[in-house]
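Only this structure's heavy atoms are used, side chains among them; waters, hydrogens and symmetry mates stay out. What you see is a predicted model, and the numbers here were worked out from it, not measured in a lab. The chains referred to below are lettered A, B, ... by the order of the sequence lines, with proteins before strands, and numbering in each begins at 1.
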Amino acid sequence: MTAPTSAPPAPSGPLLLDMQHIQKAFAGVTALDNASLGVAAGEVHALIGQNGAGKSTMIKVLTGAYRRDGGSITFAGQPVDFASPLAAQRGGIATIYQEVNLVPLRTVAENIFLGREPRKWGLIQWPAMNAEAARLLTELGIQLDVKEPLGSFSTAIQQMVALARAVSINARLVIMDEPTSSLNEREVETLFGVIRGLKARGVSVIFVSHRLDELYAVCDRITVMRDGRTVYAGDMQGISRLQLVEQMLGREIKNAGAQTGFVKHKGSAGAKPLLGVGGVVRGTRLQGASVEVGEGEVVGLAGLLGSGRSELARVIFGADQPDAGELRFGGQPVQFRSPSDAIKAGLGFCSEDRKAEGIVPELSVRENLTLALLPRLSRAGVVDNRQQAEIVERFVASLGIKTSNPDQPIRELSGGNQQKVLLARWLAMNPKLLILDEPTRGIDVGAKAEIQRLIGELAQEGLGVLMISSELEELIEGCQHVTVLHDGKTVANLAGDEISEAQLLHAMAQGLEPEDMPRPPTPPQVRA
Amino acid sequence: MSGEINTAARPARSGSGGQGLLADLKQVLPSILILLALLIFNAFFTPYFLSVQTLNVNLTQVATIIIVAMGMTLVIATGGVDLSVGSLMAISGVLAPLIFLNPAFASLQGLGIALAFVVPVLVAGAFGVLNGLFVTRLKLQPIVATLVLYIAGRGIAQVITNGQLQSFTTPAFTYIGLGRPFGVPFQVILMLIIVALTYWVVKRTVFGRYVLAVGGNETAAGLSGVPVSRVKLAVYAISGLLAGIAGLIVIAINSSSDANQVGQGMELDAIAAVAVGGTLLSGGRAQVLGTLFGALIIQLIRFTLLAKGVPDAAALVVKAAIIVIAVALQQRRRRE
């Protein structure tokens with residue numbers, strides 16, 4: 001079943017993109033080793049692999065963000081060597097990155113036409129630009145005011161704007177790096193519609209995703225990478241899911257039955273209460289949210305985008321102050337004025353946005369890992385280097401963090417390894433409660449399972465975990481309780497067998513019908 | 001080409017810490033090379049360059065810039081900037097003679113001198129705290145926040161003295177500018193101590209890591225329990241204190257204090273030293289040794305041009321050009 005790389009099945013048409021023997025190393029660590037990627041015209045090509053397998057590097061080499069050390073790239077029949085992503089864009093390759101790289105303060109229309117605004121006499125033609133932007137978005141099934149700043153829209157919308165931008169430059173190849181990670185189901189459908197539209201126009205798409213369902217739904221062919229090499233290339237329908245995951249991991253999976261790495265332990269019925277949150281109100285985003293976590297429990301916090309999950313986590317951690325509501329921790333009423341108060345009490349918080357709120361990119365793995373621990377690692381303000389090195393070494397080994405050395409800047413690590421460092425940042429503190437916001441988002445299957453297993457083990461040792469997740473499998477297989485938020489309000493508390501896909505979806509979707517919607521009390525009429 | 005770089009970067013792995021003095025020097029290699037080039041050029045083409053006297057002249061002149069630039073390095077590492085340092089030097093510079101020349105201390109000269117050292121520096125430090133409060137409480141952008149005292153500070157200094165020049169001959173005070181223990185100018189010793197201390201703070205203390213974390217990603221630092229506001233307040237306070245010290249040295253060298261002149265243009269010299277030294281102006285890094293070399297480079301350029309008889313106006317242009325080259329070299333190195 002394993003198709004050797006040397007003889008990939010012939011693609012349906014002539015190759016639009018042909019990357020061969022690509023070599024790339026960073027500071028002595030090989031990132032790409034004889035990697036190859038071939039994409040035919042008008043095909044949707046899946047590119048998958050674990051974090052650190054080299055997908056992102058491959059894409060950055062293609063678009064000129066990185067210089068390759070060796071190998072050849074042929075695009076549309078010409079050997080190419082793009083000096084920058086801008087050059088690649090001019091050459092017909094548009095890239096939509098995982099984190100949308102647009103300018104939040106400028107309008108939607110400006111973002112779509114950034115760098116190539118329609119001009120006359122050197123002046124931007126605003127009406128023409130706005131009209132064209134609106135037309136492009138309508139084609140993608142989105143209606144919005146293109147004169148609003150991009151930053152005022154959700155990530156999902158921003159992604160669609162990025163896509164509209166790609167479409168509008170008449171790209172021959174569109175690269176999408178995990179485009180669906182922040183989209184809901186309907187938006188994913190819209191996106192797939194757009195992708196099929198692109199395909200019909202003869203545009204090729206490279207689709208990077210960790211969600212296997214999506215690959216089978218939309219892709220024609222697939223390239224699997226592992227450890228910087230291309231280990232499989234072939235038709236999407238010619239490989240089963242299990243084979244695919246095996247190729248990615250390079251080994252056979254033991255528990256092929258379970259979908260996550262969780263080993264759920266039966267939480268003792270009378271778990272000692274650790275965290276109790278009741279009736280939290282903050283602005284319009286939280287309208288009476290409650291959740292309880294017992295010692296040694298993994299409690300899921302579910303809800304759709306914008307349901308207030310992350311906002312609740314920030315309030316619990318003291319990053320935001322609630323307008324109303326009560327917080328009890330370890331049996332005592334508490335009010336954390338700042339994250340450092342919460343940390344002192346024994347809380348830890350891994351934010352959903354690793355890049356913006358987790359890592360300090362310029363600092364090393366070592367400094368990032370011990371950032372929260374520093375006060376305990378020091379005497380009279382001076383850091384104990386030896387103790388610091390010991391702790392870092394221990395966590396790098398126990399969590400399997402892949403880094404060339406602890407002094408490597410964390411920005412050079414793959415997403416999964418960055419996430420492990422951030423987990424270690426809190427585990428080193430020996431916390432009582434860990435709040436994890438989407439702990440496995442954007443992480444490859446292997447690292448994901450490892451992190452999930454780790455969460456389960458930690459809970460077994462008595463750690464309370466409050467886990468925000470959009471993945472139903474994670475909630476179903478990993479949590480003893482699941483609290484569901486809707487519009488900033490707790491609408492359901494599920495336990496045991498109640499935690500099923502049907503129940504979760506039902507609870508999360510609650511209020512979609514107007515008559516079911518729990519309305520906030522109408523404020524008394526005030527007449528001016 | 002990148003292959004060479006890879007192999008060059010590898011040895012860092014072998015060292016257990018990997019972050020020793022040598023590694024830090026390597027990071028600021030371009031500024032060291034430029035400095036060496038300037039030294040060699042002068043050794044050949046400037047008569048009497050290789051003399052203790054030339055060394056002392058140069059070090060004496062650059063000491064205050066370096067002292068102020070140490071504070072600036074910390075401020076810039078948090079992603080800020082401090083434009084008020086020159087004005088704070090002026091305030092400190094006019095306060096000191098007011099104290100030790102005050103008739104009230106005529107019979108207690110020792111106390112007067114002691115207070116003249118301590119009070120002006122603390123006042124400058126307090127103004128630094130004010131800068132910090134503008135940044136942390138009022139959430140002003142650092143460049144705007146410190147512009148306030150850049151403008152007002154010199155005004156305050158002039159108001160204190162009615163704009164009059166204060167001259168003095170007080171050996172006990174002027175020692176910090178003119179004294180030469182073991183033949184080394186006193187302010188050079190002070191400068192070296194401050195550089196060593198700053199280097200140590202950045203490398204070894206929790207505060208140093210916090211400075212880099214705040215500059216590198218303020219949100220992440222805050223969520224990890226780093227007291228972001230206190231760290232910022234502290235760097236502006238330190239910058240103020242160091243400016244206060246520099247102000248005292250300047251008036252001691254001149255044996256006079258002119259509110260209009262003390263620290264004039266110092267903020268730009270200090271920022272230039274930091275930039276030439278390879279510290280990112282966007283924060284998250286602090287090349288303490290780089291700043292030291294950066295200041296030396298700027299000083300040596302000034303000296304060389306002067307020694308060659310280049311007119312002052314032309315010298316400024318050459319100075320700017322060399323700063324651009326140095327910063328560009330640092331940038332290119334970073335991107336590789």
Side-chain angles (χ1 to χ4, degrees), chain A residues 24-30 67-70 314 317-319 338-344 348-351 353-364 366-368 370-375 377-378 380-386 388-389 404-411 422 425-426 429, chain B residues 1-20 23-24 27 77-79 200-231 234 279-280 282-287 334-336:
Chain A
K24 177 72 195 171
F26 295 104
V29 178
T30 303
R67 280 280 155 84
R68 63 181 185 268
D69 298 341
R314 287 180 61 88
F317 195 59
S338 68
S340 49
D341 278 0
I343 292 166
K344 274 185 208 121
F349 172 52
C350 278
S351 156
D353 195 336
R354 244 187 343 256
K355 194 172 158 191
E357 302 186 337
I359 63 168
V360 184
E362 291 289 328
L363 290 186
S364 63
R366 182 178 45 165
E367 301 301 341
N368 269 287
T370 53
L371 188 58
L373 191 68
L374 277 178
L377 272 180
S378 60
V382 182
V383 180
D384 182 339
N385 277 351
R386 185 181 299 172
Q388 186 187 31
S404 65
N405 72 75
D407 289 323
Q408 189 178 16
I410 195 169
R411 64 184 149 78
L422 295 182
R425 180 188 285 173
W426 295 115
M429 301 288 290
Chain B
M1 163 162 184
S2 52
E4 290 163 31
I5 286 159
N6 290 337
T7 47
R10 233 175 199 159
R13 186 182 196 162
S14 55
S16 58
Q19 294 249 321
D24 285 331
Q27 281 190 22
T78 64
W200 179 80
V201 163
V202 169
K203 298 300 289 185
R204 297 285 288 117
T205 66
V206 173
F207 174 70
R209 318 287 164 103
Y210 280 176
V211 166
L212 299 180
V214 168
N217 188 343
E218 193 175 324
T219 316
L223 286 176
S224 298
V226 175
V228 174
S229 293
R230 285 220 311 271
V231 170
T279 295
L280 290 173
S282 50
R285 288 204 190 173
Q287 303 284 12
R334 186 161 302 114
R335 234 174 286 144
E336 298 267 307

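Under the rule for a side chain to side chain contact (heavy atoms under 4.5 Å, CB included), the partners of A:I343 that lie at least two apart in sequence or sit in another chain are A:F317, A:W426, A:M429. Residues passing the salt bridge (charged side-chain N to carboxylate O under 4.0 Å, His left out) test with B:R209, sequence neighbours excluded: A:E367.
Within the 4.5 angstrom heavy-atom criterion, only side-chain atoms of A:L363, from C-beta onward, approach chain B. For A:L373, no part sits under 4.5 Å from any heavy atom of chain B, backbone or side chain.
Between A:V360 and B:L212 there is no side-chain heavy-atom pair separated by less than 4.5 Å. When side chains are defined from C-beta on, B:N217 counts as touching A:P361, because their heavy atoms get closer than 4.5 Å.
With a 6.0 Å radius and a threshold of 12 heavy atoms from other residues, nucleotides or ligands, A:R411 has its CZ atom above the threshold.
Considering every non-hydrogen atom in both B:Y210 and A:L371, the closest pair reads CE2-O, 4.2 Å.
The residue among B:G225, B:G222, B:A213, B:S224 with the most heavy atom pairs within less than 4.5 Å of chain A is B:S224. Of all the listed residues (A:G318, A:A342, A:G348, A:A356), the one sharing the greatest number of non-hydrogen pairs under 4.5 Å with chain B is A:A356. Per-residue counts of heavy-atom pairs under 4.5 Å with chain B were compared for A:A372, A:P406, A:S378, A:A380; the largest is that of A:A372.
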